[in-house]
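Excluded from the calculations below are hydrogen atoms, water molecules and symmetry mates; all remaining heavy atoms, backbone and side chain alike, are included. Naming convention: chains lettered A, B, ... in sequence-line order (proteins, then strands); numbering from 1 in each chain.
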Number of protein chains: 2
Amino acid sequence: MLSHKAKYALKALLYLAEQDENHISKTIEIADGANIPKKFLEQILLDLKRGRFVSSKQGKFGGYYLIKSKNDITLAEIHRLFDGAIALLPCASLNFYEPCADCKTESECSLRHGLMIIRDETLRAMQGITIASLVKK
Amino acid sequence: MLSHKAKYALKALLYLAEQDENHISKTIEIADGANIPKKFLEQILLDLKRGRFVSSKQGKFGGYYLIKSKNDITLAEIHRLFDGAIALLPCASLNFYEPCADCKTESECSLRHGLMIIRDETLRAMQGITIASLVKK
DNA sequence: CTAAATCCTAGTTAATCTATAGAATTTACA
DNA sequence: TGTAAATTCTATAGATTAACTAGGATTTAG
């Protein structure tokens with residue numbers, strides 16, 4: 001399941017993608033438009049900024065805008081930024097790998113192989129969902 | 001990500017699937033064999049029993065055994081039993097559907113369609129991973 | 001009757017998620 | 001240069017959930 005943060009991030013990006021080129025959106029504008037608690041959205045936009053998906057203009061008449069093409073922002077990236085690993089266990093993860101503590105003797109746990117198959121399929125599917133693909137609906 | 005409960009459930013089922021036909025496994029045996037906290041495993045086995053994956057014999061010399069073919073127990077089923085929906089949002093779920101609270105005007109939220117695609121792909125992949133497929137490794 | 005197992009309910013602890021509060025900083029412009 | 005309006009930063013509250021743990025009730029074999 002996606003966290004609210006990830007869901008809100010997607011909706012915020014969607015909102016930004018629907019604006020005119022060169023338009024700068026204030027937080028309150030996005031919050032109202034996408035129905036997201038404003039103060040919570042502030043944090044999310046800062047995370048998106050640190051992740052180089054958006055940039056901001058500070059001060060009066062400031063706000064946020066996309067700096068990455070909506071064709072290049074994938075569900076997979078947003079999931080990883082806010083909710084971490086796409087794999088079902090850390091030992092099957094590409095970007096968040098950790099060995100499992102409860103697999104004693106064997107070097108690979110019994111679940112790892114199957115979960116890596118799932119990871120590959122899910123990842124591929126998630127990389128196919130972009131902000132652009134969600135907008136044109 | 002899988003919860004520990006779901007992970008332990010898979011490992012317990014795997015353990016049971018590896019035993020001889022007609023063998024009955026005590027909780028402590030499974031706990032030691034699969035490295036799972038015993039008291040926690042008790043609850044998990046009861047859940048698996050309620051889910052009709054295993055059955056039990058009570059009293060002295062009692063224990064647990066599979067009642068469903070290892071070819072018919074899929075990752076998707078275990079995920080649903082312990083971790084709920086496979087979809088990334090309730091509004092995109094087949095078995096755990098709930099409308100999203102924060103999608104006001106439109107009847108369908110902007111994310112729903114894309115997330116249903118992911119759900120279909122993930123579900124199909126998860127239905128392909130069975131206890132049997134994990135054993136033979 | 002007793003030992004050994006499952007079954008059941010409750011509670012505990014720690015972490016995490018979802019938000020909110022409030023002040024510091026930056027900027028446009030009158 | 002002052003002020004309004006925005007982002008940015010840090011802390012924290014409250015609720016929920018996850019991961020166990022405890023202890024006793026029940027069942028069964030011998």
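At least one side-chain heavy atom of Leu94(A) sits less than 4.5 Å from a side-chain heavy atom of Leu123(A). Contact check for Ile73(A) versus Leu66(A): side-chain heavy atoms found under the 4.5 Å cut-off.
Using a 4.0 Å cut-off on heavy atoms, none of the residues of residues 74-86 of chain A approach DNA chain C.
One can place NZ of Lys26(B) at 16 Å from C1' of dT27(D), the figure rounded to the nearest angstrom. A straight line from CD1 of Ile44(A) to C1' of dC17(C) spans 11 Å, rounded to a whole angstrom. Atom-to-atom, CG of Leu46(B) to P of dT21(D) comes out at 17 Å; the value is rounded to the nearest Å. Atom-to-atom, NZ of Lys11(A) to P of dT18(C) comes out at 14 Å; the value is rounded to the nearest Å. Between Ile30(A) atom CD1 and dT7(D) atom P there is a gap of 8 Å when expressed in whole angstrom units. If you take NZ of Lys38(B) and P of dC7(C), they are 12 Å apart, rounded to a whole angstrom.
Under the 3.5 Å distance criterion, the side-chain polar atoms of Arg112(B) are matched with a main-chain donor or acceptor of Cys91(B). A donor-acceptor pair under 3.5 Å is absent between the side-chain atoms of Glu42(B) and the main chain of Lys39(B), judged by distance alone. Checking side-chain atoms of Thr122(A) against main-chain N and O of Arg119(A) turns up no donor-acceptor pair under 3.5 Å.
Other residues sharing a hydrophobic cluster with Tyr97(B) under the 4.5 Å side-chain heavy-atom criterion for ILVMFWY residues do not exist; the residue is a singleton.
Side chain to side chain, Asp83(B) and Ser3(B) meet the donor-acceptor criterion of an N or O pair below 3.5 Å. No donor-acceptor contact under 3.5 angstrom links the side chains of His23(A) and Glu18(A), judged on distance only.
When each of Pro37(B) and Tyr64(A) is assigned the nucleotide of DNA chain D with its nearest heavy atom, Tyr64(A) is the one assigned upstream, toward the 5' end.
Among dT6(C), dC7(C), dT7(D), the nucleotide with an atom closest to any side-chain atom of Lys49(B) is dC7(C).
Sorted by first and then second residue, the pairs that involve residues 55-70 of chain A and meet salt bridge (charged side-chain N to carboxylate O under 4.0 Å, His left out), not counting sequence neighbours, are Lys68(A)-Glu77(A).
For Tyr65(B), no side-chain nitrogen or oxygen approaches OP1 or OP2 of dT6(C) to under 4.0 Å. In this model, the phosphate group of dA5(C) is not approached by any side-chain N or O of Ser56(B) to a distance below 4.0 Å at OP1 or OP2. Between Thr27(B) and the phosphate of dA5(C), there is no side-chain N or O to OP1/OP2 separation shorter than 4.0 Å.
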Pick out the pairs of N or O atoms, protein on one side and nucleotides 17-19 of chain D on the other, that lie under 3.5 Å.
| unit_1 | atom_1 | unit_2 | atom_2 | d |
| --- | --- | --- | --- | --- |
| dA19(D) | OP2 | His4(B) | N | 3.3 |

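Under the ring-ring contact (aromatic ring centres under 6.0 Å, His included) criterion, Tyr65(A) pairs with no residue at all, not counting sequence neighbours.
Counting heavy atoms of neighbouring residues, nucleotides and ligands inside a 6.0 Å radius, atom CZ of Arg52(B) does not exceed 12 of them.
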Checklist entry - What string of B, S and - do you get for nucleotides 21-30 of chain C, 5' to 3', when a contact is any protein heavy atom under 4.0 Å? => result BB---BBSS-
